[in-house]
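Not measured: the values here are computed from a predicted model.
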Protein chains: 2
Amino acid sequence: MIKLSKKIEYGILALQYIAVHSDKIVSAKEISEQMGIPYEFLSKTLQQLMKKGLIVSQHGIKGGYVLGKNAADVTVKDIIIALEGKASFLDCFVSSDGLICERSPNCTIKDPMEKLQSKVMQVFNNTTIAEIATT
Amino acid sequence: MIKLSKKIEYGILALQYIAVHSDKIVSAKEISEQMGIPYEFLSKTLQQLMKKGLIVSQHGIKGGYVLGKNAADVTVKDIIIALEGKASFLDCFVSSDGLICERSPNCTIKDPMEKLQSKVMQVFNNTTIAEIATT
DNA sequence: TTAAAATCGGATTACAATAGTCGGATTTAA
DNA sequence: TTAAATCCGACTATTGTAATCCGATTTTAA
């Protein structure tokens with residue numbers, strides 16, 4: 001199925017929440033309760049976003065997260081890559097040279113599919129957390 | 001993960017093959033062998049495409065499939081819907097009224113996500129089998 | 001100094017969807 | 001009548017997602 005995973009969904013919801021409440025540090029617990037996201041799972045997701053620099057963490061009591069970049073500079077594509085390592089439609093496009101599936105390099109749909117993917121990624125790359133937070 | 005399923009991949013490969021060989025009837029066996037797709041699985045996929053009218057079948061020996069529509073009129077979106085019933089990113093957008101997930105109707109990302117999805121579907125809707133077969 | 005509340009992180013489990021297989025029925029051309 | 005094909009339902013295997021558990025560490029504040 002062509003769909004976004006729960007992790008991506010939670011990641012977008014969380015980043016939006018943090019962006020909207022940028023006047024304070026927000027904890028995973030707060031996001032979890034306000035957004036209705038399983039706490040443990042959300043924590044993992046936030047830790048991943050932190051490792052990729054999309055958010056910054058503060059340890060200890062009164063701790064939590066704030067944005068690590070300007071909301072206008074974080075795209076949906078950034079979030080997908082941060083949480084899943086890659087953003088590609090077919091296995092063909094995962095490796096750097098684009099040739100890892102068994103049909104390559106004689107795959108008859110490789111080129112048109114690569115164009116398709118490029119267009120879709122452009123869409124993901126043109127949507128930012130800033131837009132999502134204000135719309 | 002944001003990726004196309006094997007079924008979609010096989011469906012595109014098969015439709016492309018049938019389009020390219022439109023001068024004859026092609027069997028599932030031929031596509032399976034030429035494209036390196038598991039026969040049983042491919043058969044199921046072709047039957048689904050047939051039910052949705054994207055291809056037409058002929059029974060019996062010397063039977064097989066031909067396109068059911070002009071290749072230029074069959075889009076990737078059509079294929080996704082034929083094989084998976086829907087084409088939506090998040091659960092929110094599956095039902096007709098767009099309100100089926102537990103966060104709706106107060107979901108804070110519903111509107112921007114719907115726009116995003118609409119743009120991506122536009123991309124899928126602008127790529128046809130004719131293009132894929134000639135590129 | 002101690003307790004509470006938070007992030008961190010590995011391991012594990014539960015579940016669902018995808019991918020693939022099997023067996024048999026039906027159709028049709030030679 | 002046989003062979004080669006579509007058709008169809010049920011089943012299994014595998015994988016990936018989603019969720020959970022347990023404990024360690026950090027930091028603030030009483």
Pair A:Gln16, B:Thr108: side-chain N/O donor-acceptor within cut-off below 3.5 Å: yes
Atom-pair distance (CD1 on B:Ile37; P on C:dA19), nearest Å: 12 Å
Round to a whole Å and report the spacing from CD of B:Glu84 to C1' of C:dA17. 10 Å
A:Leu42 CG - D:dA19 P separation (whole Å): 11 Å
Is the phosphate of C:dA19, meaning OP1 or OP2, less than 4.0 Å from a side-chain N or O of B:Tyr10? no
Side-chain N or O of A:Ser5 closer than 4.0 Å to phosphate OP1/OP2 of D:dA18: yes
A:Glu33 CD to C:dA5 P, in whole Å, measures 12 Å
B:Leu83 CG to C:dA19 P, straight-line distance once rounded to whole Å: 11 Å
For the residue pair B:Gln122 / B:Lys77, report whether a side-chain donor-acceptor contact shorter than 3.5 Å exists. no
Looking at side-chain heavy atoms only, is the closest gap between A:Pro112 and B:Glu131 below 4.5 Å? no
Find the distance A:Phe41:CZ to D:dC21:P and express it as a whole number of Å. 15 Å
Examine D:dT6: is either OP1 or OP2 under 4.0 Å from a nitrogen or oxygen in the side chain of B:Tyr39? Give yes or no. yes
Measure the shortest side-chain to side-chain distance between B:Ile79 and B:Phe124 over non-hydrogen atoms and say whether it is less than 4.5 angstrom. no
Would you mind checking if A:Lys24 and A:Glu30 are paired as a salt bridge, meaning a charged N to carboxylate O distance below 4.0 Å? yes
May I have the distance from A:Ile25 (atom CD1) to C:dA5 (atom P), rounded to whole angstrom? 17 Å
Near DNA chain C, which residues from residues 44-65 of chain B have a heavy atom under 4.0 Å away? B:Lys44, B:Gln58, B:His59, B:Gly60, B:Ile61
Derivation of the side chain to side chain contact (heavy atoms under 4.5 Å, CB included) call for A:Lys119 and B:Asn126: CA-CA 11 Å; A:Lys119 286 179 191 166; B:Asn126 281 338; 5.8 Å; no
Rounded to whole angstrom units, what separation is found between the CD atom of B:Glu40 and the C1' atom of C:dT21? 6 Å
Test item: B:Ser32 side-chain N/O and B:Ala28 main-chain N/O as donor-acceptor pair under 3.5 Å: no
